[in-house]
Amino acid sequence: MVDPNSVNPVFESPITSTNSGSAGTSIGTSADQAALTLADESSLTKTLIRAEPRTKAERQLDVVFGASRLVDGVVISGQRPSEWLVIGEANDVSTFVDRIDREGHVSLVDHTHSRAMMRLTGLDASRVLEKVCSLDWSSEMTPNGAVVSASVAKVGCDIVRNDTFRHGSALASSAPTEVIPPSYWIACDRSFAQYLFDAILDAGQEFGLLPA
Amino acid sequence: MSGEFKPSRLGPQSGEVIDRSATIRFTWDSKVMTGFAGDTIASALMANGVRIVSRSMKYHRPRGYMTADYWDPNGFVQVGDDPNVRSGHRLLEPGMTIDPQNVWPSLDHDVKAANGFVGRFLTAGFYYKTFIRPQRLWPAFEKVLSTFAPGGTVDLDTPHRLHDKRYAHPDVVVAGGGPAGMAAAIAAAEAGARVMLVEHEHHLGGHLLWGSDEDRALAAKMRDAADVAGVEILTDSTVTGRYEDNWVSIVQRNHPLAVERLIKARATSLVVAPGLIERPYVFAGNDKPGVMLSGAVRRMINMYAVKPGSRAVVLTANADGDAAVADLRDVGVEVARVVDARAGENVASANGPGRTVESVTLGDGTSIDCDLLVTAVGWTAPTSLLNMAADRPVYDATAARFFPGGPIDTVLSTGGLTGDGTVEQLVEHGRATGRLAAERSAVAKHRIQAHTARAAPVSGDEPAWPHDLRAALGRDPHPELFRSTTHGIVDFSEDVSSKDLVGAAAEGFDSVELLKRFTTATMGPSQGKLETVNTVAVLAEARGETIEEVGTTVWRPPYAPITLGALAGRIFEPVRVSSIQPWHEANGAVDILAGAWKRPEHYGDPAAEVMNTRTNVGIIDVTPLGKLDLQGPDVPKLLSQLYTNKWMQLPVGSVRYGIMCAEDGVVLDDGVTARLGDEHYLMTTTSSGAATIWEWAENWLQTEHPEWQVHVTPVTTGLCSINIAGPNSRTLLGRLCPDIDLDPDAFPYMHVRTGTVAGVDDCIAWRIGFTGELSYEIHVPSGYGLHVWNALLDAGADLGIKPFGLEAQRIMRLEKGHFIVGQDTDGLTKAPSTGLAPLIKLDKDDFAGKAELGWALDEFASAESKAPRLVAIQPTDPTVVPHEASQIVRAGTNEILGRITSSRMSPTLGRSICLGQVAIDAAAPGTMLTIVLADGTRTTAEVMARHAHFDPEGERLRG
Amino acid sequence: MLLVPCPHCGPRNASDLSYKGESHARPDPNSATAEEWRSYLYMEDNPAGWLRETWYCRSGCRRFFVLERDTATNEFRNPPVPGAKLGGKA
Amino acid sequence: MTLFQSLRGSMKSNAVSRPPRYSAAGLLVKGVKQESWPRVWRDVPLKKSYDVVIVGGGVHGLATAYYLAANHGITNVAIVDKSYLGSGGSGRNTAIVRSNYLTPEGVAFYDRSLELYNSMAVDLNINVMFSERGHMTLAHTDSALRTMHWRAEVNKLQNIDSSVIDPAEVKKLAPSLDTSSDPRYPILGALYHPPGGTIRHDAVVWGYARAADHLGVEMHQKAEVLDILVEGGDGPDGKGSGGRVTGVRTNRGDISAPIVVNCTAGWATLISDMAGVKLPISTRPLQAAVTEPVKVFLPTVVVSGSLHVYVSQTDRGELVFGASVDPFNTYSVRGSLEFTEELAGHVLELMPGISRMRLLRQWAGLCDMTPDYSPVMGFTPVEGFFCDVGWGTYGFKAGPVSGEQMAECIATQQTPKLIEPFKLSRFSTGELVGEKGAAAVGH
């Protein structure tokens with residue numbers, strides 16, 4: 001018998017099938033813009049930090065509800081009042097989280113396994129979201145950096161728009177004339193992940209959305 | 001009859017929208033015909049000489065095109081599996097199979113037309129007055145009557161083709177693409193607004209399209225300008241409704257991929273510019289084929305190059321009627337007589353004797369032969385969208401039509417709906433409206449952005465609200481023409497005549513709403529677009545009142561009918577699965593849907609799964625179990641508030657069971673909570689209660705006790721939960737848990753430990769006993785859930801490990817006598833009824849339901865208690881398994897004493913076992929109950945002393 | 001679709017929130033008479049006009065808050081200050 | 001003299017001669033003579049005083065008036081309504097009737113209603129088009145199926161024709177339903193109730209109005225109640241508990257009456273507030289919709305609790321749909337788009353073949369919801385002020401029996417046994433009615 005304790009566990013994403021059920025039949029999108037993609041990023045480390053107002057932790061996080069920022073390789077997302085999600089590679093997140101002052105009513109929960117995550121990127125990304133979510137995805141209402149929670153295809157999701165930065169680093173700035181396509185991190189309860197991935201792919205079919 | 005006029009295609013017309021190079025073949029009533037691309041079904045049929053399109057609903061009278069547009073009440077056809085297609089609007093497509101509806105056996109020879117002869121007896125409301133006696137015959141009558149149902153036929157095999165939906169957040173939606181609507185859209189877009197311009201028809205331009213060449217040139221120019229300004233143009237699309245806070249529904253019928261797409265637009269401003277709908281005139285014979293409205297004639301000639309008649313009489317009260325005269329003459333139709341209503345002339349009847357118009361009798365008695373009678377007697381203002389914004393239209397007798405009532409901040413109107421004018425005046429009014437809409441949207445947007453956390457910051461104060469400084473359009477005088485000296489049809493789709501209305505009013509149905517209900521006028525598919533004003537006018541006349549005094553009816557959404565497919569769109573039905581689901585599916589699990597969760601009910605033989613678990617060891621995936629991570633110094637206070645029992649002293653490493661009640665004392669949920677650390681707890685709830693209990697906890701924390709420091713975080717699927725049950729469970733877990741001491745003294749029943757399972761860190765394991773066996777429930781980070789599951793199966797192979805499903809778990813818990821909230825309890829079951837009264841601790845200061853539970857305990861203890869008791873029950877005949885919900889009655893009577901709430905054949909005991917709710921006088925142990933089985937026979941059963949049928953002392957689970 | 005002015009998220013579709021009904025103060029369960037308690041449980045003001053009611057922003061910020069709405073017109077007024085104590089005994 | 005005796009004293013004087021009977025022969029005669037029918041009810045001036053004033057001219061108010069006159073000889077009765085007769089819930093419901101309730105008291109009550117509906121055409125001389133087409137409540141989950149069994153078993157013990165049928169039988173009764181295991185909510189079975197069906201709701205209103213009118217009852221439309229006159233109560237202005245009613249104030253002046261009955265739906269709270277009587281009611285709209293007609297294909301009434309939808313097809317071929325009440329309290333009846341979207345989605349899950357049918361019209365009516373899905377009937381803490389309110393979404397089904405029982409309650413000054421469970425005081429004693437045990441969509 002193999003010693004089960006000797007087998008190294010490997011993280012399994014809840015999104016086990018990334019095959020688009022239907023070929024992306026694109027309309028109204030020229031071929032050179034067709035880089036509209038949906039990528040599974042569930043394996044990123046996510047730590048939920050909750051800290052009451054006026055704690056040191058709140059000042060360290062320094063992100064208001066509805067906004068996000070990149071700091072020390074992690075994205076801090078102000079996803080609810082007094083509630084932040086820190087997203088990044090495991091080492092970066094733990095380094096960051098270890099520095100958080102725990103004085104006062106501050107708590108941490110590892111959400112890596114609770115929340116699946118996918119990234120939708122492309123010039124038509126907001127048009128895809130517009131089909132599955134009732135929010136206004138214009139840059140006035142949901143600019144780069146915005147964070148919002150909403151129902152996507154009937155699943156509760158936390159969404160971060162980060163066109164110009166990712167965990168790890170800011171994106172290498174492209175030529176100034178080039179349009180930076182919008183990019184959204186969509187996090188949902190792990191158990192819904194496969195359903196949601198498929199639903200978004202399906203909605204994006206008309207814009208040529210492909211799994212990345 | 002021979003020599004009857006047949007409409008035909010004209011030579012090329014300068015405004016035609018058909019493409020003569022693209023011929024389309026189709027069938028009508030099984031005859032092959034051809035038309036052109038750009039034809040509507042109506043124009044193609046008319047070009048092929050078709051005059052009779054349908055039969056009327058009640059009297060089966062022959063009907064031809066009257067308005068020849070979307071609203072034509074006579075133009076309903078069946079296209080393949082699509083019933084009730086508006087042939088005046090639907091574009092012709094190659095290979096279309098088009099058939100008439102409501103005909104039997106055929107369009108030309110309709111037997112039910114006999115209804116027409118007895119029409120004088122079939123007055124409105126006649127059904128109410130007949131078929132009363134003998135009452136037993138009514139069902140037979142009803143069967144016959146239902147064969148008279150109008151409309152097309154549903155093919156029940158119609159697939160739900162691709163329907164799509166989309167949300168939009170435009171600054172301005174303009175409903176109507178005539179000159180004013182286009183102008184409004186252009187002006188708003190030029191002012192910086194995001195604009196959607198929605199036109200019901202296939203082309204922008206409205207009435208310009210059937211006007212002069214200059215009109216059409218203007219339409220084309222504005223269309224281009226709208227494009228340049230960045231307006232999103234949606235043709236063949238309809239704004240079907242305006243709901244709360246300018247939630248605007250738009251049905252797009254010409255989407256390239258979807259059959260139809262429903263767009264839900266949160267419009268900051270809505271501009272209503274639908275134009276006007278021409279009104280039919282009421283007179284004898286007004287529904288004969290050959291009677292057409294002026295707009296229909298002009299569209300047919302100018303847009304579709306169809307000659308509608310050879311010899312016409314035109315009743316005109318306005319410039320549109322005059323223009324129809326000119327158009328008819330231009331294409332060689334003899335206009336035998338222009339009857340000028342402005343000069344007091346009138347039409348009294350359109351006459352047969354055949355099925356189509358052969359002559360017209362004028363008001364002065366003159367009779368003129370003709371095959372076409374055109375009327376132009378005024379308009380209905382389609383104020384539906386304004387009605388939906390609470391506007392009530394106001395009648396203006398001078399202009400002989402209704403106008404919008406008061407102003408609405410975010411809903412503006414323009415075009416013919418608001419007044420008359422030259423094209424230039426309409427365009428100017430439209431532009432002013434578009435600018436105002438854009439300015440108001442900018443203010444509203446500023447406000448929303450300023451109040452929305454995630455939005456881009458806005459600078460400066462909110463701009464002042466722009467006032468409506470538009471110059472109003474004028475109102476041209478128009479004669480009031482509703483009904484002639486004769487009676488005719490008012491509601492063409494319902495076959496209701498003015499005579500019916502007068503009769504109904506005399507009977508007392510003399511308010512608009514009662515009249516509507518009694519006669520069904522305005523209730524049919526055209527929903528009042530053509531007939532509302534005439535209905536009101538005829539009622540006003542009957543009551544000797546004015547139209548203002550009578551008032552009008554409220555137009556209800558939708559503006560135009562919407563297919564169920566479009567409303568449904570893509571159907572989103574989220575399904576949740578645990579990390580282990582791929583294994584279950586690969587290993588023969590039969591799934592069950594529990595709420596949104598898809599989970600294994602069993603793997604083929606639930607009884608064998610029970611026996612294996614009781615004998616060896618079984619594992620079940622219980623991931624759906626609700627799990628809440630609780631942190632903070634005040635967690636015990638929260639637990640004390642939520643559960644009925646005590647929580648202030650729970651030691652670290654312990655697990656406790658509790659029930660939760662609502663404030664009315666009714667059982668809400670149950671489960672165990674473990675204390676993992678000083679200020680760290682893990683609560684479990686029932687699977688179905690997970691979301692509710694989370695919200696319930698937040699509610700207490702946020703509204704009642706904001707001073708308590710507790711963070712509640714749902715971790716249901718962050719932790720993959722596996723219950724390991726059976727005599728071998730300790731041995732099995734021991735092989736995978738190097739760092740947890742499983743010795744019963746070190747890790748007793750109702751305790752919790754954290755450690756490594758199969759190489760996975762941060763796992764939680766606790767000992768509980770839902771199944772009644774020695775069992776460990778482990779919670780592992782979900783990304784490793786499948787890994788641990790496989791490791792258990794591998795490590796337990798020699799221990800007889802087998803997975804078990806929900807059904808085996810249900811059997812085992814019933815053997816053990818554990819109740820399930822929501823099955824063994826119901827919406828009225830208070831906590832004492834479950835048998836867990838000792839868990840209600842009234843000496844706590846407060847907890848949810850405390851007040852009611854105090855009274856409930858007193859009631860429960862009294863001899864007259866009416867509260868049911870949950871008891872274990874065993875049928876006398878061990879092979880009889882009463883189905884769940886079987887009623888327990890007093891012997892020899894039908895008096896209900898309770899019911900079976902759970903029931904199974906126990907594989908362990910080899911007999912049937914039950915839980916049930918019974919009245920106090922049937923609850924004593926040893927009581928023999930009478931149970932009514934599904935087939936009506938009765939059987940007996942005994943009330944047991946304890947809930948547990950199996951191992952009542954709990955020796956196994958504590959082992 | 002009604003827009004509900006969430007004090008944290010801004011205007012949100014009503015379907016993003018759960019309606020919790022009229023906001024009534026909870027009596028002390030230790031001293032309330034049965035009549036008082038059941039009046040709290042069951043009786044409603046149910047006015048056709050301004051009503052103080054509790055909403056829960058289920059899809060958004062997950063906060064409970066009290067709003068005032070005119071039940072005849074569905075208009076809201078007095079959006080509350082975020083974080084204020086709601087309902088309750090105070 | 002007791003109130004009962006004084007009421008009895010008022011009988012007979014208002015007797016009115018009977019108008020021509022409705023019949024096929026009558027129709028023929030009128031047709032030949034080209035005459036019109038006399039008014040369905042008289043249009044008479046409002047008097048200064050009545051023995052009983054009924055607020056609300058819907059099925060409940062009209063039935064109460066009719067049975068007061070027909071069964072108890074109390075005819076000096078006025079019905080006042082702020083709009084036209086049947087303008088509220090009576091004309092907005094989806095006209096479904098059934099008696100397969102969950103509790104014995106519910107079953108007994110609604111069964112009596114069904115009995116009255118059954119004989120109504122003859123009793124009132126109007127064809128109310130009662131279509132006993134059967135009523136099916138679909139179960140999509142084990143727990144729903146268990147509840148169906150529960151209802152069926154309770155029903156059978158009370159001799160109600162009600163049973164649980166399997167998907168094959170469901171398919172036989174309604175071939176348009178998808179009974180395969182493919183849908184997200186597969187049909188696992190149904191509670192089948194053959195005596196349930198539909199009825200023409202307007203005809204019920206007009207039938208009661210016409211019959212009550214013949215017996216001397218007066219109908220006053222566009223007569224809005226502005227206040228209820230109460231003296232001696234412990235609340236402000238002498239209203240509330242311990243007071244007694246003396247009349248009503250209307251937009252057409254004061255009317256004195258020793259008995260005032262609140263038979264409103266949607267406005268029950270507002271009317272009761274005028275008497276100082278507090279109710280356990282929240283007002284919510286219930287929406288409904290109708291499609292364009294197509295040839296008849298659906299022979300029974302189909303209800304799905306899990307999918308919150310009920311549907312039937314009229315003899316005219318329209319599908320009539322209803323759902324559950326709106327998610328928040330409001331007095332606005334403008335209707336919503338989301339209602340139609342959800343409705344269509346759910347209907348197409350049940351009947352995928354009808355995606356090309358078109359929704360023609362949607363509307364809403366106000367429902368007064370109570371905590372236990374059961375009405376509030378009978379006496380109130382104000383003497384002479386009676387309530388027949390809180391009818392939620394099931395008021396139409398109960399119209400006839402409510403009228404009959406309320407009339408008895410008023411005439412005898414005793415709470416009849418059938419409505420004993422529905423008394424207002426249950427909300428202070430905590431003895432809620434058991435329909436709460438399972439009700440979700442109660443149609």
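Just so you know, these numbers use all the heavy atoms, side chains as well, and skip hydrogens, waters and symmetry mates. For clarity, every value in this text was computed on a predicted model and none was experimentally measured. Just so we're on the same page: letters track the sequence lines, and every chain starts at 1.
- With chain C as the partner, the residue from B/Lys264, B/Glu852, B/Gln449 showing the most heavy-atom pairs under 4.5 Å is B/Glu852.
- Comparing B/Phe847, B/Trp247, B/Tyr243 by how many heavy-atom pairs each has under 4.5 Å with chain C, the most go to B/Trp247.
- Neither the backbone nor the side chain of C/Ser31 comes within contact range of chain B, judged by heavy atoms closer than 4.5 Å.
- The shortest side-chain heavy-atom distance between B/Arg242 and B/Thr410 falls under the 4.5 Å cut-off.
- Looking at C/Thr73, only its backbone comes within 4.5 Å of chain B, counting heavy atoms on both sides.
- Outside the 6.0 Å centre-distance limit, the rings of C/Trp55 and C/Phe65 are not counted as a close aromatic pair.
- Contact annotation for B/Asn246: neither backbone nor side-chain heavy atoms come within less than 4.5 Å of a heavy atom of chain C.
- Contacts with chain C were tallied for B/Gly849, B/Ala851, B/Gly854; B/Ala851 has the most, counting heavy-atom pairs under 4.5 Å.
- The candidate with the highest count of non-hydrogen atom pairs below 4.5 Å against chain B, out of C/Arg12, C/Glu75, C/Lys20, is C/Lys20.
- In terms of heavy-atom pairs under 4.5 Å with chain B, the best-connected choice from C/Gly10, C/Cys61, C/Ala32, C/Ala14 is C/Gly10.
- With respect to the salt-bridge test (charged N to carboxylate O, under 4.0 angstrom), the residues B/Lys830 and B/Glu859 do not qualify.
- For the pair C/Arg77 and C/Trp50, the cation-pi test (distance below 6.0 Å, angle within 45°) is passed.
- Between B/Asp171 and B/Lys445 there is a salt bridge, since at least one side-chain N of the basic residue sits less than 4.0 Å from a carboxylate O of the acidic one.
- Ring-plane geometry between B/Trp708 and B/His705 is classed as parallel, the angle between the planes falling under 30 degrees on a 0 to 90 degree scale with a further cut at 60.
- Residue B/Glu695 touches chain C through both its backbone and its side chain, counting heavy-atom pairs closer than 4.5 Å.
- The backbone N or O of C/Leu3 sits less than 3.5 Å from a side-chain atom of B/Asp245, completing a donor-acceptor pair.
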